[in-house]
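Working notes, structure below.
Here the structure is a predicted model, which is why all the values come from computation and not from measurement. For reference, positions follow the sequence shown, starting with 1.
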Amino acid sequence: SRLLKAVLETTLLVNSPEMTENLLTFLSPLVRDDPDTPSVEEGDTESTKAFERQQYPIARLIHRMQAKKDEDYMKTQFKILSTARKHFGKGGVRRIKYTL
């Protein structure tokens, strides 16, 4: 996704629970499987490698999720990470090892 690439290439921080929710909702096709998503066979290394390449930027995104350093920093950071966990937890067994 171009949006994901732009976030990762800039110094932009995802610094609020709302921003986290909106970004991960927009990126949901990369974050979780739809019910009709075909599964990748265990021996299909080409598909597995393509899937891994798709997940690495998502895994890097968590490092951009940082609350502003103010008096509510810890509370806001917890909400940001909880929101991300909610989205990543819906990713399915294959995705979780990259995102969580």
Side-chain angles (χ1 to χ4, degrees):
S1 159
R2 287 185 180 170
L3 176 62
L4 178 58
K5 188 175 182 177
V7 169
L8 294 174
E9 289 179 351
T10 66
T11 59
L12 174 72
L13 294 178
V14 180
N15 59 18
S16 73
E18 296 79 19
M19 189 179 215
T20 305
E21 179 71 35
N22 292 338
L23 180 61
L24 292 176
T25 297
F26 185 78
L27 294 174
S28 65
L30 300 175
V31 174
R32 64 179 178 196
D33 292 333
D34 288 330
D36 60 344
T37 302
S39 63
V40 175
E41 299 300 320
E42 286 296 318
D44 190 356
T45 57
E46 188 174 318
S47 293
T48 300
K49 289 191 183 297
F51 179 78
E52 287 176 352
R53 282 192 303 273
Q54 180 189 54
Q55 292 306 298
Y56 289 143
I58 296 292
R60 289 179 48 211
L61 181 62
I62 196 74
H63 299 285
R64 296 293 183 153
M65 296 179 182
Q66 297 179 21
K68 293 178 185 172
K69 306 283 186 188
D70 59 13
E71 65 276 352
D72 291 330
Y73 169 75
M74 293 300 286
K75 186 187 304 182
T76 305
Q77 185 67 20
F78 179 76
K79 288 179 182 178
I80 289 170
L81 294 177
S82 295
T83 301
R85 170 66 177 97
K86 178 183 76 172
H87 283 272
F88 292 146
K90 295 176 183 176
V93 175
R94 288 183 51 224
R95 292 178 194 273
I96 284 179
K97 73 179 185 179
Y98 301 102
T99 57
L100 292 178

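- Listed here is the closest heavy atom pair of Arg64 and Thr11: NH1-CA, 3.4 Å.
- A heavy-atom distance below 4.5 Å is not found between the side chains of Lys90 and Val31.
- Residues Phe26 and Leu3 share a closest heavy-atom pair of CD2-CD2, 3.2 Å.
- In this structure, OH on Tyr73 lies 13.5 Å from CZ on Phe78, to the nearest 0.5 angstrom.
- In terms of heavy-atom proximity, Ala67 sits nearest to Gln77 at N-OE1, 2.7 Å.
- Between Gln66 and His63, the closest heavy-atom pair is NE2-O, 3.0 Å.
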**Prompt:** Lys97 and Gln55: side-chain contact (heavy atoms from CB on, under 4.5 Å), yes or no, with the steps?
**Reply:** CA-CA 10 Å; Lys97 73 179 185 179; Gln55 292 306 298; over 6 Å; no
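- If you take OG1 on Thr45 and CD on Glu52, they are separated by 10.0 Å, rounding to the nearest 0.5 Å.
- The two residues Leu13 and Met19 have their closest heavy-atom pair at O-SD, 3.6 Å.
- The backbone N or O of Lys79 lies less than 3.5 Å from no partner atom in the side chain of Ser82, so there is not a single donor-acceptor pair.
- Here CD of Glu18 is found 8.5 Å from CD1 of Ile80. Values are rounded to the nearest 0.5 Å.
- Taking the side chain as every heavy atom from C-beta outward, Val14 and Leu24 never approach each other to under 4.5 Å.
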**Asked** When you look at Ile62 and Leu81, which way does the side-chain contact (heavy atoms from CB on, under 4.5 Å) test go after all the steps?
**Response** CA-CA 8 Å; Ile62 196 74; Leu81 294 177; 3.9 Å; yes
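- The two residues Thr20 and Ala84 make their nearest non-hydrogen contact at CG2-N, 4.0 Å.
- Atoms OG1 and CZ, on Thr83 and Phe88 in that order, are 11.0 Å from each other to the nearest 0.5 Å.
- Taking CG of Leu4 as the start and CG of Leu27 as the end, the distance is 5.5 Å to the nearest 0.5 Å.
- More than 12 heavy atoms of other shown residues, nucleotides or ligands fall within 6.0 angstrom of atom NZ in Lys86.
- Atoms CD1 and CZ, on Ile58 and Arg95 in that order, are 8.0 Å from each other to the nearest 0.5 Å.
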